[in-house]
There are 2 protein chains.
Amino acid sequence: MRADARQNYDHLLAVARDVVTEQGADASLRDIARRAGVGLGTLYRHFPTREALLEVLLRASLDELTQKAGELQTSSSPDEALASWFREAVAFAHRYRGVVALMAAAIADPGSALHASCVTVRSAGTRLLLRAQAEGMARADLDGADLFALIGALGWLGDQPSFAPRIDHLLGIIASAVLTKPASSDVKGERRRRIPP
Amino acid sequence: MRADARQNYDHLLAVARDVVTEQGADASLRDIARRAGVGLGTLYRHFPTREALLEVLLRASLDELTQKAGELQTSSSPDEALASWFREAVAFAHRYRGVVALMAAAIADPGSALHASCVTVRSAGTRLLLRAQAEGMARADLDGADLFALIGALGWLGDQPSFAPRIDHLLGIIASAVLTKPASSDVKGERRRRIPP
DNA sequence: ACCTGAACACCGTTCAAGT
DNA sequence: ACCTGAACACCGTTCAAGT
């Protein structure tokens, strides 16, 4: 990568971060190139699609989210881990307005530049969900795709100015549907062999 | 209203119904005028905003939804009434792709042509919610705005091809968060005086 | 009263021409 | 290798000119 190309790439990314913060995921690509003082073709050379640009913008946050899931896997109880990761995932979905719609499309389109990232996040959530389910702490009739969908739904709610103020409350309500009662272990009769005899 | 105007109005509406069904609520207005064989200005004369057009397109369904709420108010038990109206409302939100986002914006904007319709629907839902809450059959920490938001969220989920197949399932999950346990009356000790002594 | 379509200011995307 | 911007095909919205 030539030095001038590298510089354009970096500057484009910095400007894109600002513009997408202001205008959302469907921001004008023309505007980004313009503000970066770069030809429109240069933007398309570095980021052939909108998804490719957003993938780079989101990568760091997505990695954090995946890493967080790994940490919670061992540091917290299954229900707390799932609950706080869920909260974190919804917060991520708020990073840029309109990003959830792109992610919803990307998860079903292997050709999207965002596909891999979305699958990774969904997998991270699935692992937390499975652990909670194994302990009877999460609804059994739910899979990773459902969890991903609910994160998306809450992300969308947060994107709507009329609903955003209630988003924490709505998150609590939906979380309560995912997490089953405390189900404090070994109380319903049949032990679950948390420590083998 | 002159005869030719009336005819344009009606034809425009019929064409709009088709185009919005195909392309969603953000369909091209130009395309609608074109397919209707009418000048672009004619469309704007009859429907000064996109919301005005959709308001007419949705009015019948919205009225049905409000009426249905009234019927359920007396025909069903509070929890069943709320559950089945909720289902109906989500189905409505599916009528045209992308309509929920417009409604979310409209409910916060008194200037929108869709504002009144949205408020009416929200009120209808609020009444069903309050009745269920009075009987302890719905979560107490929920108001009509929250219910409206949840309907919107499910509508959005249904708009995403990747989530649409699971929409009935997700609806059940969210509905279970709104409806509290059966709470079969008079079981928790304090009666609620359903029939005055 | 009502209709028309050009005009304006925007898009996304591509690609020949330049350095 | 990389950059540029004109070109093309679209938008939404307005409004002078027509009937």
Side-chain angles (χ1 to χ4, degrees), chain A residues 1-57 96-99 101-102 105-106 109 111-114, chain B residues 1-57 96-99 101-102 105-106 109 111-114:
Chain A
M1 195 156 179
R2 235 165 60 181
D4 55 344
R6 160 105 267 151
Q7 201 167 5
N8 278 337
Y9 181 91
D10 292 340
H11 189 214
L12 228 19
L13 222 56
V15 170
R17 202 172 296 277
D18 291 346
V19 175
V20 171
T21 298
E22 287 170 28
Q23 307 183 13
D26 53 353
S28 162
L29 298 179
R30 254 195 156 81
D31 200 29
I32 293 172
R34 206 157 34 211
R35 288 211 219 173
V38 129
L40 193 44
T42 303
L43 186 150
Y44 274 93
R45 154 179 285 271
H46 289 302
F47 309 102
T49 65
R50 183 181 294 275
E51 282 75 22
L53 175 58
L54 274 153
E55 200 273 333
V56 180
L57 280 184
Y96 302 113
R97 183 163 28 100
V99 86
L102 281 183
D109 173 19
S112 165
L114 274 167
Chain B
M1 196 155 180
R2 234 164 58 180
D4 55 344
R6 159 106 267 149
Q7 199 166 6
N8 278 336
Y9 180 91
D10 291 341
H11 189 214
L12 230 17
L13 222 57
V15 170
R17 202 172 296 275
D18 291 347
V19 175
V20 172
T21 298
E22 287 170 28
Q23 308 182 12
D26 53 353
S28 162
L29 298 180
R30 255 193 155 82
D31 200 29
I32 293 172
R34 205 156 32 209
R35 290 210 217 174
V38 131
L40 194 44
T42 303
L43 185 149
Y44 275 93
R45 155 180 285 270
H46 289 300
F47 309 102
T49 64
R50 183 182 295 274
E51 282 76 23
L53 174 59
L54 274 151
E55 201 273 333
V56 181
L57 240 37
Y96 301 112
R97 182 163 28 99
V99 87
L102 282 182
D109 172 19
S112 165
L114 273 166

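By convention in this document, chain letters (A, B, ...) are assigned in the order of the sequence lines, proteins followed by strands, and residues within each chain are numbered from 1.
Side chains of A:Val19 and A:Arg35 form a contact here, defined as non-hydrogen atoms less than 4.5 Å apart. Contact check for A:Leu53 versus A:Leu13: side-chain heavy atoms found under the 4.5 Å cut-off. Side-chain contact between A:Phe47 and A:Glu55 is absent, with no heavy atoms from C-beta onward closer than 4.5 Å. A:His11 places none of its side-chain heavy atoms less than 4.5 Å from the side chain of A:Val38. Using a 4.5 Å heavy-atom cutoff, the side chains of A:Asp31 and A:Gln23 are in contact.
Near DNA chain C, defined here as any heavy-atom distance below 4.0 Å, the residues from residues 5-29 of chain B are B:Ala5, B:Asn8, listed numerically.
Nucleic acid contact for B:Arg50: sugar-phosphate only, since backbone atoms but no base atoms lie under 4.0 Å from a heavy atom of the residue.
Note that the first and last nucleotides of DNA chain D, 5' to 3', having any atom under 4.0 angstrom from a heavy atom of chain B are D:dC11 to D:dC15.
Smallest separation of non-hydrogen atoms from B:Leu29 and B:Arg50: CG-NH2, 3.7 Å.
Residues A:Asp4 and B:Arg30 each lie close to DNA chain D; by heavy-atom proximity, the contact nearer the 5' end of the strand is made by A:Asp4. Residue order along DNA chain C, read from the 5' end via each residue's closest nucleotide, puts A:Asp31 first among A:Gly41 and A:Asp31.
At least one donor-acceptor pair under 3.5 Å links the side chain of A:Arg97 to the backbone N or O of A:Glu22. Under a 3.5 Å cut-off, the side chain of B:Arg34 and the backbone N or O of B:Leu40 do not form any donor-acceptor pair.
Base pairing of C:dC15: its partner is D:dG5, meeting the Watson-Crick or G-U wobble criterion (both donor-acceptor distances under 3.5 Å).
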